[in-house]
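Encoded as structure tokens, the structure appears first; notes follow it.
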Amino acid sequence: MRSIYLDHSATTPVDPRVVEAMLPYFSEIYGNASSSHVFGRQAESAIEDAREAVARVLGCKPSEVIFTGCGSESDNLAVRGAAWAASQQGRGTHLITSPIEHGAVGKTVEQLAGLQGFDRTILPVEPDGTVTPEAFRAACRPDTTVASIMYANNEVGTIEPIAELAAIARERGIVFHTDAVQAGGQLDLNVDRLGVDLLSLSAHKFYGPKGVGVLYVREGVELTPSQTGGGHERGLRAGTHNTPLIVGLAKALTLAYEELETRTAYLQALRDQLIEGVLSRIPNAQLTGHPTRRLPSHASFVFDGLGEADLLTALSLKGISASAASACKAGTAQPSGVLLALGYAPELAATSLRLTVGIHTTPDDIDYTVETLAAIIRKRTRHNTAYPASA
Ligand code: PLP
């Protein structure tokens, strides 16, 4: 049976060139980067080379690159760290975010509000998933200290107008964080063009290893660490450096941006083939997210009248690995909070399907997926009179 992986927003396979770069750091160059002897110096030098490589892609100083244990940790450090620092300095306790953030931002803001009395505004979003500059401007207050808006959404793929939002924040002295975990390897990450103060990345989304992330911290932006201990990473992230993973992250990011144009053109062509195929072959399919301002890899749909059909299992039985923007709990589909925030009715939101292509996906994989999906939906849609007789 065929095996087609269309879940690259969840994670990507590690590029063999990345594996090769990492290997010596497991058992040959294994020193602790904090040790002063030769073993430690070798590891430290690999980490500083990796920091410089990341800084080249971000257009920042190496000292502004902080290595973390994952994208979630970067988000936690950014939001909690900036909110705590501002509040300790008496600058205010109002935070702004969107209802479509990953839990690493959303739940951190909720915790700051619930446990520590921070005030927060959750912005409205457009039906296509866009956070508008107007809504953002209207939410800013004199006591707003931190705003966190994702660069691209993980469920519907919409790309947010980060440069415009960050400019509004900067005029008001608000620290602006963006979760760029889904954008990494696909969109421009130059922090000055974006104008952001804090930016999170995770290596496993761009053909690097799992369990390693980056937080870009603009010089002068103050963060209070939550993971305290040794003075690693400028005191912002205690813990012995994971040299192989840091080397792998830097290698994967460098490759992604050296090959950016060819990779994104290829992904976009596959994505468009998929979207066109699904929309033309499946009459009750609707694209979710923005029609054009979306990640090159990302296609996401809901299916009118489909009811509680378990699409993922049906696709999986045909060899297609995909994901839904909803989590299945005890057999009942929980509609995605993102789609509800976009205004979808719970019944429609519960039919969501996310198909994300990668650099190893082929046009033939897409044809097979469209045909298979069309057959599954045709069989399961309650109101299948909507189909033309030939479909
Ligand atoms: N932010 C977004 C938008 C994501 O999609 C993810 C992972 O899916 C994360 C953060 C968390 O990254 P990690 O898996 O490295 O913790």
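One-based numbering, in listed order, for ligands and for the atoms of each.
The cluster map of Ile, Leu, Val, Met, Phe, Trp and Tyr, joined by side-chain heavy atoms under 4.5 Å apart, puts Leu342 and Leu279 in different clusters.
Residue Met150 approaches ligand 1 through these ligand atoms, each under 4.0 Å from one of its heavy atoms: 3 (C). Each of the atoms 3 (C), 4 (C), 5 (O) of ligand 1 lies under 4.0 Å from some heavy atom of Gln182. Residue Cys70 has at least one heavy-atom neighbour below 4.0 Å for each of these atoms of ligand 1: 15 (O), 16 (O).
For atom 2 (C) of ligand 1, the candidate residues are Asn76, Leu201, Asp179; the nearest heavy-atom contact is made by Asp179.
When ring centroids are compared, Tyr25 and Tyr30 stay outside the 6.0 Å threshold.
For the residue pair Gln111 / Arg80, a side-chain donor-acceptor distance below 3.5 Å is found, with atom types taken as modelled.
Ligand 1 has a nitrogen or oxygen under 3.5 angstrom from a nitrogen or oxygen of Ser202. Annotation: Gly71 places an N or O atom under 3.5 Å from an N or O atom of ligand 1; distance criterion only.
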Test side-chain contact (heavy atoms from CB on, under 4.5 Å) applied to Ile359 and Thr12, step by step: CA-CA 9 Å; Ile359 56 175; Thr12 54; over 6 Å; no
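No option in Leu112, Val146, Val79 other than Leu112 meets the side chain to side chain contact (heavy atoms under 4.5 Å, CB included) test with Trp84.
At the shortest separation from atom 4 (C) of ligand 1 among protein heavy atoms lies His102 CD2, 3.3 Å. Summary of contacts: the protein heavy atom closest to atom 11 (C) of ligand 1 is Ser72 OG, 3.4 Å. Given atom 8 (O) of ligand 1, the protein heavy atom at minimum distance is Lys205 NZ, 2.6 Å.
Judged by the shortest distance from any of its heavy atoms, Lys210 lies outside the 4.0 Å radius around the atoms of ligand 1.
With respect to the salt-bridge test (charged N to carboxylate O, under 4.0 angstrom), the residues Glu48 and Arg51 qualify.
Taking the six-membered ring for Trp and thresholds of 30 and 60 degrees, Phe176 and Phe136 have ring planes more than 60 degrees apart, a perpendicular arrangement.
Contacts with ligand 1 closer than 4.0 Å are made by side-chain heavy atoms of Asp75 only, the backbone lying farther away. At a heavy-atom cutoff of 4.0 Å, ligand 1 is contacted by the side chain of His204 but not by its backbone.
Taken to the nearest 0.5 Å, the CD1 atom of Ile320 stands 10.0 Å off from the OG atom of Ser3.
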